Trainee: 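The structure under discussion is supplied below as structure tokens; questions concerning it will follow.
Being a predicted model, the structure only gives us computed values, none of them experimental.
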Amino acid sequence: MALLYRFTQLEDRGATGVFTFIATRSVTRDLHRDATTREFSFAHQRWAVTLCRTERALGAFLLLRSSSSGCRVLADFTFTLLNREHFSRNETHAQRQRRFSAECPAHGVQHWLPLQDLHTRRFTDDNGEFLLELSLANVTTLFECDVRTGQFPFSSGGTLETPYFSFGGFEWNVAVTEERTGGIRAALNRLTGFEMPCRARYRLRLGCGEQAIVDSGVLDQITDQATGVSRGTTFSCVISDLGGRRGIIHVATELQAAHPLSEARVRPSETVAANCYDREKQSWCVQADVEDEGKLRVKLFCTDLHHVPCNHVRYVAWRAAVLRRGQESVSLGSHSNYYVQDGVDMGVVMETTIPSLDKELKGKRFDSDEDVQNVVQDFFHTPPKSAYKEGIYKLPERWRRYAPLTVPSNTPVSEEVYPHKENRNVSQDVEDSANHQ
């Protein structure tokens with residue numbers, strides 16, 4: 001038996017996820033049964049790990065559980081046996097850009113480590129248990145198929161649809177329609193999960209054979225809750241240009257993300273919270289208030305802790321944004337938290353830079369409606385001075401976070417980001433800039 005007990009999401013270029021498993025002593029003692037973990041989700045796919053053994057060696061395989069016909073998933077993965085004495089003695093096996101599909105859903109190593117080395121090299125404890133770490137990165141999902149066009153009346157506005165495939169817990173297909181006004185429209189459609197809208201990020205390529213004639217680029221769209229249809233994109237060509245002489249269109253779709261959306265309407269001036277639900281129909285509570293500095297902040301509570309299985313921990317990750325009428329949305333960033341059945345949820349606080357209108361108008365008197373309108377207009381269109389100062393103070397941290405991703409690995413970050421600085425302190429520069437502002 002192998003139990004998942006820890007997950008870590010790294011903020012790197014490959015969006016690496018690190019899973020740590022506890023392998024019990026039955027893994028090394030049972031010759032007639034492989035130890036397979038429960039399914040876990042990552043990069044909108046479902047995975048599992050299998051530990052197999054022979055009489056002399058231990059092996060490990062990564063399994064893709066959500067494979068479907070026409071889909072292939074490319075991924076980098078690394079298995080690491082954690083040594084109990086020092087990390088430099090860890091045993092690692094890595095594979096790059098392995099292709100998982102319905103025909104080949106597993107990749108790994110059959111004879112990885114001699115069984116006797118598990119004890120002699122201090123991988124196991126006194127109970128015969130050891131730690132296995134799996135790193136997954138650079139996961140890409142591709143769907144490809146060839147569709148014949150001759151059997152559809154495109155001259156009368158017919159629709160050509162691909163077979164369905166699985167991604168992100170939903171079923172999808174690609175629909176190509178020839179418009180009556182000229183050109184064709186291609187869109188990704190969701191076929192299941194109509195309880196809530198879904199935000200999909202994908203890329204479409206249509207052509208003849210392996211050659212792509214039209215490319216949509218990356219599309220970030222919300223599929224309709226009732227029908228699952230997305231806006232798609234329009235190409236200035238006709239079906240015959242794509243199908244060639246054989247009348248076969250090659251449809252290639254790169255699937256990047258599929259996130260269900262849940263909306264909650266809250267008022268900072270009211271203490272009443274609003275409810276929303278996730279894809280597993282678990283209930284959440286959203287509450288908004290104003291902090292001492294007059295900025296809006298949002299709190300998220302899990303109200304269904306009793307649905308978490310006993311002796312288990314539930315890990316939840318989400319993105320949040322504040323939608324303001326007539327203005328651009330304000331992102332609250334990515335958040336995550338662990339939940340247990342007998343725990344107490346104090347709420348996850350998501351802070352914003354949105355000022356509070358109630359605090360701005362409190363204690364002021366106006367002679368006319370025009371004065372009120374002017375104050376409200378200035379409030380929404382003129383950011384406070386503190387916003388500039390806060391932004392300047394955040395610059396060094398943002399530089400440290402993103403600069404290593406844009407400079408060569410052999411170039412020191414300090415030389416690339418601050419090439420003109422010699423002995424001057426960065427914090428002193430920030431303080432001078434803030435005071436100047």
Side-chain angles (χ1 to χ4, degrees), residues 4-12 15-20 40-44 168-169 195-199 201 222 257-324 327-356 358-359 386-387 390-391 393-394 397-398 400-402:
L4 173 64
Y5 89 104
R6 184 172 64 191
F7 169 73
T8 304
Q9 180 68 59
L10 305 183
E11 298 295 335
D12 60 350
T16 304
V18 182
F19 301 83
T20 306
F40 56 92
S41 299
F42 183 73
H44 307 282
E195 295 83 6
M196 58 182 61
C198 179
R199 183 174 183 176
R201 188 167 66 249
I222 297 178
H259 300 288
L261 301 178
S262 185
E263 183 178 298
R265 298 178 179 270
V266 294
R267 293 180 179 273
S269 58
E270 300 178 359
T271 58
V272 180
N275 292 328
C276 60
Y277 300 88
D278 58 19
R279 69 166 62 188
E280 298 179 0
K281 299 183 180 179
Q282 303 297 310
S283 177
W284 298 80
C285 179
V286 181
Q287 186 177 11
D289 62 3
V290 180
E291 60 184 9
D292 296 337
E293 297 181 358
K295 301 295 180 60
L296 175 70
R297 63 181 178 184
V298 182
K299 293 183 179 180
L300 182 66
F301 302 87
C302 180
T303 57
D304 281 344
L305 288 178
H306 58 281
H307 288 166
V308 179
C310 185
N311 299 325
H312 285 72
V313 177
R314 187 187 185 197
Y315 174 84
V316 182
W318 68 90
R319 290 178 179 271
V322 176
L323 305 180
R324 297 185 294 179
Q327 300 186 50
E328 295 183 357
S329 61
V330 178
S331 175
L332 304 183
S334 301
H335 302 269
S336 62
N337 198 16
Y338 290 93
Y339 299 93
V340 294
Q341 184 183 86
D342 55 352
V344 177
D345 185 15
M346 303 301 295
V348 177
V349 179
M350 297 174 285
E351 297 182 352
T352 73
T353 58
I354 302 175
S356 172
D358 294 340
K359 189 169 183 178
S386 59
E390 293 174 0
Y393 273 106
K394 292 178 181 179
E397 178 61 29
R398 293 178 179 176
R400 296 187 190 99
R401 180 182 301 177
Y402 296 110

Trainee: Check for a donor-acceptor pair, side chain of Glu195 on one end and backbone N or O of Arg279 on the other, with a separation under 3.5 Å.
Mentor: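 No, because the side chain of Glu195 does not come within donor-acceptor range (under 3.5 Å) of the backbone of Arg279.
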Trainee: Would Val322 and Leu332 count as a side chain to side chain contact (heavy atoms under 4.5 Å, CB included) if you check the C-alpha gap in whole Å, the side-chain angles of each, and the deciding distance to 0.1 Å?
Mentor: CA-CA 7 Å; Val322 176; Leu332 304 183; 3.9 Å; yes
Trainee: Using the test side chain to side chain contact (heavy atoms under 4.5 Å, CB included), find all partners of Val313 that sit at least two apart in sequence or belong to another chain.
Mentor: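 For Val313, the residues satisfying side chain to side chain contact (heavy atoms under 4.5 Å, CB included) (neighbours in sequence not counted) are Tyr338, Val340.
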Trainee: Who are the side chain to side chain contact (heavy atoms under 4.5 Å, CB included) partners of His259, not counting sequence neighbours?
Mentor: His44, Ala257
Trainee: State the NE2-OH distance between His312 and Tyr5, to the nearest 0.5 angstrom.
Mentor: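 So the NE2 of His312 and the OH of Tyr5 are separated by 15.5 Å.
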Trainee: Quick one: pull up CG in Leu300 and CD in Gln287 and give me the separation to the nearest 0.5 Å.
Mentor: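 So the gap between those two atoms works out to 11.0 Å.
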Trainee: If you apply the rule side chain to side chain contact (heavy atoms under 4.5 Å, CB included), what do you find for Met350 with His335, and how did you get there?
Mentor: CA-CA 8 Å; Met350 297 174 285; His335 302 269; 3.3 Å; yes
Trainee: Got a sec, which residues hit ring pair (Phe, Tyr, Trp, His ring centres under 6.0 Å) with Phe19, two or more places apart in sequence or on another chain?
Mentor: Phe7, Phe40, Phe42
Trainee: Report the distance from atom CZ of Arg265 to atom CG of Leu323, rounding to the nearest 0.5 Å.
Mentor: 9.0 Å
Trainee: Could you pull out all residues at least two apart from Ser334 that satisfy side chain to side chain contact (heavy atoms under 4.5 Å, CB included)?
Mentor: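 Listed in chain order: Arg319.
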Trainee: Can you see which heavy atom on Ser331 is nearest to which on Gly333, and at what distance?
Mentor: OG-N, 3.2 Å
Trainee: Which residue, Val349, Val286, Val348, forms the side chain to side chain contact (heavy atoms under 4.5 Å, CB included) with Val298?
Mentor: Val286
Trainee: Looking only at heavy atoms, what is the nearest atom pair of Cys276 and Ala264, with distance?
Mentor: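 Taking Cys276 first and Ala264 second, the nearest heavy atoms are CB-CB, 4.4 Å.
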Trainee: Nearest 0.5 Å, what's the SG-CG distance between Cys198 and Leu261?
Mentor: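 Those atoms lie 6.5 Å apart.
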Trainee: Between CG of Asn337 and OH of Tyr315, what distance do you get to the nearest 0.5 Å?
Mentor: 9.0 Å
Trainee: Asp278: which residues meet the side chain to side chain donor-acceptor pair (under 3.5 Å) condition with it, sequence neighbours left out?
Mentor: Trp284, Arg314
Trainee: With a 3.5 Å cut-off and sequence neighbours excluded, list the donor-acceptor pairs that the side chains of residues 302-310 form with protein atoms.
Mentor:
| from | atom 1 | to | atom 2 | distance (Å) |
| --- | --- | --- | --- | --- |
| Thr303 | OG1 | Ser283 | O | 2.9 |
| Thr303 | OG1 | Ser283 | OG | 2.9 |
| Asp304 | OD2 | Ser283 | N | 2.7 |
| His307 | ND1 | Gln282 | OE1 | 3.1 |

